[in-house]
Number of protein chains: 2
Amino acid sequence: MKDDALLELAGRYRESLRHAVYLIRSLDAEGELSTAQVSTLNMVAEGPARVSDIARNSGIRVPSATEQIIRLEAARLVTRGPDAHDARVVLVSLTPKGREVLAGANNRRNKMLAAQLATLSAADREAITAAIPALNRLSIALGRPPYR
Amino acid sequence: MKDDALLELAGRYRESLRHAVYLIRSLDAEGELSTAQVSTLNMVAEGPARVSDIARNSGIRVPSATEQIIRLEAARLVTRGPDAHDARVVLVSLTPKGREVLAGANNRRNKMLAAQLATLSAADREAITAAIPALNRLSIALGRPPYR
DNA sequence: CCTAATAGTTAGGGAGCCTAATAGTCAAGT
DNA sequence: ACTTGACTATTAGGCTCCCTAACTATTAGG
């Protein structure tokens with residue numbers, strides 16, 4: 001692929017991404033949980049996780065993750081506990097309430113988005129379906145730099 | 001398309017978008033301009049624009065747009081002036097310096113992204129290219145349309 | 001042991017967004 | 001012409017989310 005074509009695609013994708021951000025915002029509008037909180041909760045949905053792992057997976061720094069976790073803890077959605085093998089580590093776990101609220105939030109967002117997807121043509125939906133793995137590879141290619 | 005399939009697609013796209021947001025963040029890392037600023041500047045690139053138009057096109061409220069514009073004005077990247085036909089209106093224009101800085105910022109980001117796109121397979125790039133119009137329609141379909 | 005590395009928290013600060021309240025201007029109807 | 005209501009933008013105040021720097025506690029290597 002020629003450089004020019006790559007640059008043009010990059011420009012168009014950036015523009016598209018900019019719009020998608022507003023889409024996300026509107027999805028969150030009257031939400032119980034913010035995007036950042038959903039993101040953090042999703043991280044511990046499959047079992048207790050370290051603060052540093054949550055930070056890395058969320059693409060934020062450790063202190064920012066701590067901040068989020070403290071907020072979620074205050075809302076009784078997660079608990080912080082020790083790791084049996086390493087006393088420095090803090091393991092964050094989802095509470096039953098957290099699991100419930102998270103499921104509700106994910107569900108609500110997915111339903112809103114699904115309703116919009118339904119208004120698209122079948123061809124558009126297919127194009128999106130086909131592109132998602134590629135988009136994920138693209139994101140991953142950039143690495144997850146915000147951590148050192 | 002069945003509801004289940006739509007919900008599943010919605011979930012996968014939301015996840016993908018979450019990663020894409022980190023991608024954008026990393027693109028902005030050591031930038032001269034933030035994403036929000038680039039976004040605002042792009043809005044006036046094709047000629048003077050009203051504060052309210054900038055806000056609407058950026059998917060933010062008018063006071064937030066004012067705030068951005070004031071910052072950009074302080075950096076000598078835009079100027080604010082009156083509208084000849086309506087004294088309530090403030091027209092925001094790009095300065096020569098603003099045009100230059102904007103071009104540089106867009107260029108830098110596009111180059112970074114293009115370099116990553118180059119690492120993907122041709123099939124992946126095609127899938128992304130094909131999906132962009134669909135993704136734009138999806139974004140626009142939702143609540144706070146970028147264009148209007 | 002002592003030291004260097006690692007995990008997390010605390011402290012302080014900035015960007016970016018919001019709502020509510022305000023000032024100024026326009027347009028319409030009486 | 002004048003008042004009233006709609007519209008444009010700004011100001012004020014507040015919140016979330018992210019950052020870096022500095023600190024504490026713990027672990028592991030020499």
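Letters A, B, ... mirror the listed sequences (proteins, then strands); counts begin at 1. Hydrogens, waters and symmetry mates play no part in the numbers below; they use all other heavy atoms, side chains included.
Judged purely by atom type and a 3.5 angstrom limit, B:Gln68 has no side-chain atom pairing as donor or acceptor with the backbone of B:Ala65.
Contact between the side-chain N/O atoms of A:Ser64 and the OP1/OP2 oxygens of D:dC17 is not found at any separation under 4.0 Å.
Every residue meeting the side-chain contact (heavy atoms from CB on, under 4.5 Å) condition with B:Glu73, not counting sequence neighbours, appears here in chain and number order: B:Val78, B:Arg80. With sequence neighbours excluded, no residue forms a side-chain hydrogen bond (donor to acceptor under 3.5 Å, both in side chains) with B:Asp83. Not counting sequence neighbours, the partners of B:Glu8 by the salt bridge (charged side-chain N to carboxylate O under 4.0 Å, His left out) test are B:Arg12. Considering only residues two or more places apart in sequence or on other chains, A:Arg50 meets the side-chain hydrogen bond (donor to acceptor under 3.5 Å, both in side chains) condition with none of them. Remark: A:Asp3 engages no residue in a side-chain hydrogen bond (donor to acceptor under 3.5 Å, both in side chains) (not counting sequence neighbours). In this structure A:Pro48 satisfies the side-chain contact (heavy atoms from CB on, under 4.5 Å) test together with A:Leu91, A:Ser93, sequence neighbours excluded.
To the nearest angstrom, P of C:dT10 lies 10 Å from CD of A:Glu73. As rounded to whole Å, 8 Å separates atom P of D:dT8 from atom CG of B:Asp86. Following rounding to the nearest Å, B:Arg56 (CZ) and D:dC7 (C1') show an atom-to-atom distance of 12 Å. A straight line from CD1 of A:Ile60 to P of D:dC19 spans 6 Å, rounded to a whole angstrom. Between the P atom of D:dT8 and the CG atom of B:Asp83 lies a distance of 11 Å, rounded to the nearest Å.
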Give every pair of a protein N or O atom and an N or O atom of nucleotides 9-16 of chain D that lie under 3.5 Å apart, one pair per line with the distance.
| from | atom 1 | to | atom 2 | distance (Å) |
| --- | --- | --- | --- | --- |
| D:dA9 | OP1 | B:Val51 | N | 3.4 |
| D:dA9 | OP1 | B:Val90 | N | 3.0 |
| D:dA9 | OP1 | B:Val90 | O | 3.3 |
| D:dA9 | OP2 | B:Ser52 | N | 2.9 |
| D:dA9 | OP2 | B:Ser52 | OG | 2.7 |
| D:dT10 | OP1 | B:Arg80 | NH1 | 2.3 |
| D:dT10 | OP2 | B:Thr66 | OG1 | 2.7 |

For DNA chain D, what is the dot-bracket line, given that a base pair needs Watson-Crick (N1 to N3, plus N6-O4 or O6-N4) or G-U wobble (N1-O2 and O6-N3) geometry with both distances under 3.5 Å, and | means paired with another strand?
-> ||||||||||||||||||||||||||||||
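Residue pairs meeting the side chain to side chain donor-acceptor pair (under 3.5 Å) criterion with at least one member in residues 122-132 of chain B, sequence neighbours excluded: A:Arg137-B:Asp124.
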